[in-house]
Amino acid sequence: MGISKKEIEKKMLINKTISTMNKQIQKLEEQKKRYIEAGKEAKQKGLDAQYNLALTGLRMTIAQQRRVYEMKLNFEITSQMKDMTQMTSEFLTGMSSLSKDMMKLTKERDFLKVQKQFTEAMMGVEMQTEQLENFMDETQSTFETSYSGSAEENRELENLMNNEAASDNLTESMIDRELEELKKRMSN
């Protein structure tokens, strides 16, 4: 049994969505670099208002990048769960077909009763899987990250703009590490 045209279209849509999110992450990465450059330039020229504006822009871009990254992970997890549900559904269809064949061979009323109970139990499992998938879908659409700059984070961002060594907890390096891990997972 081959893959239906509808399934191919769904896979293409999933890949297109992931690709769009990757492009958005990259676009925000470039935007981050522009804010860092603008902040360094403003600092060198003693333009405090422009420096603060670049800092605010940088903070907002990092928060936005994190949101896109989290949405992408959520989307990938949800699509993997959909694949698992599809596999479970195919397994249940096969088991039902096998059960009917076995029922024809035995022609026993007891078997019919057991087969009916088995089918009902399996339907319950499938319904639970669907409910879990729906929950993940809703989670994805309502997923949101709040991000506000504390004084410590502001200092870390300033260090980044001044090309000083930043700590391991710096938002910039955290996102870079997360993006690298994501790229490795995507290429497998």
Side-chain angles (χ1 to χ4, degrees), residues 1-32 60-147 168-169 171-188:
M1 195 169 70
I3 301 171
S4 70
K5 187 180 176 187
K6 195 174 181 182
E7 279 302 309
I8 291 170
E9 286 172 0
K10 281 182 188 175
K11 290 264 183 213
M12 285 171 67
L13 179 63
I14 287 168
N15 290 339
K16 185 180 175 190
T17 305
I18 289 171
S19 174
T20 301
M21 289 180 181
N22 277 335
K23 285 177 190 165
Q24 184 65 14
I25 289 168
Q26 189 55 45
K27 189 175 160 189
L28 290 166
E29 188 62 33
E30 289 162 16
Q31 194 172 305
K32 258 187 346 190
M60 286 168 63
T61 303
I62 289 170
Q64 197 177 354
Q65 192 178 41
R66 177 173 282 147
R67 274 195 294 273
V68 175
Y69 170 71
E70 287 169 344
M71 284 192 321
K72 181 177 174 221
L73 280 183
N74 208 357
F75 185 79
E76 287 172 341
I77 290 165
T78 305
S79 64
Q80 286 165 8
M81 289 183 77
K82 181 191 166 294
D83 289 344
M84 194 65 180
T85 303
Q86 180 66 32
M87 189 183 75
T88 305
S89 174
E90 286 167 11
F91 166 76
L92 292 175
T93 304
M95 284 299 288
S96 179
S97 176
L98 184 62
S99 296
K100 284 174 188 167
D101 289 345
M102 289 169 73
M103 188 177 72
K104 284 175 194 168
L105 291 171
T106 60
K107 294 186 179 177
E108 293 275 343
R109 285 182 180 226
D110 286 349
F111 185 83
L112 180 63
K113 185 179 172 187
V114 170
Q115 194 259 343
K116 186 181 172 196
Q117 288 171 342
F118 176 79
T119 303
E120 285 172 3
M122 287 296 109
M123 282 170 62
V125 170
E126 190 175 17
M127 202 179 302
Q128 236 178 4
T129 305
E130 282 176 24
Q131 287 171 351
L132 182 60
E133 185 183 12
N134 289 340
F135 171 75
M136 288 302 293
D137 285 340
E138 285 175 22
T139 303
Q140 179 186 328
S141 63
T142 57
F143 211 65
E144 195 177 351
T145 304
S146 60
Y147 184 87
D168 281 345
N169 293 328
T171 317
E172 167 77 7
S173 58
M174 279 169 56
I175 288 194
D176 285 344
R177 279 197 305 274
E178 288 168 354
L179 286 170
E180 281 306 312
E181 283 175 32
L182 182 63
K183 282 178 192 167
K184 283 178 197 167
R185 265 187 257 133
M186 289 300 294
S187 62
N188 288 343

Evaluate the side-chain proximity of Tyr69 to Met21: yes if any heavy-atom separation is below 4.5 Å, no if none is. no
So NZ of Lys10 and CG of Leu13: to nearest 0.5 Å the spacing works out to 10.0 Å
Between atom OG of Ser79 and atom CG of Asn15, what is the distance when rounded to the nearest 0.5 Å? 8.5 Å
Find out whether Gln65 and Lys32 are in side-chain contact, i.e. whether some heavy atom of one side chain is under 4.5 Å from a heavy atom of the other. yes
Between the side chain of Thr78 and the main-chain N/O of Asn74, is any donor-acceptor distance below 3.5 Å? yes
Any pair counted as salt bridge (charged side-chain N to carboxylate O under 4.0 Å, His left out), so long as it reaches residues 117-129, sequence neighbours left out: none
Is a salt bridge present between Asp83 and Lys11, judged by a nitrogen-to-oxygen distance below 4.0 Å? yes
Step through the shown structure and confirm whether more than 12 heavy atoms of other residues, nucleotides or ligands are within 6.0 Å of CD on Gln128. no
Pair Glu76 + Lys82, salt bridge at N-O below 4.0 Å: no
Under 3.5 Å, is there a donor-acceptor pair between the side chain of Ser96 and the main chain of Leu92? no
CE of Met60 to CD of Gln31: how many Å apart, nearest 0.5 Å? 9.0 Å
Qualifying residue, where the test is side-chain contact (heavy atoms from CB on, under 4.5 Å) with Lys72 and the options are Ile77, Thr20, Thr17, Ile25: Ile25
By side-chain hydrogen bond (donor to acceptor under 3.5 Å, both in side chains), Gln86 pairs with (sequence neighbours left out) Glu90
For the CG atom of Leu28 and the NZ atom of Lys23, what is their distance to the nearest 0.5 Å? 14.5 Å
Is Arg67 salt-bridged to Glu70, going by a charged N under 4.0 Å from an acidic O? no
When rounded to the nearest 0.5 Å, the distance separating CE of Met71 from CD1 of Ile18 is 12.5 Å
Between Ser89 and Thr85 (side chain of the first, backbone of the second, donor and acceptor by atom type, cut-off under 3.5 Å), is there such a pair? no
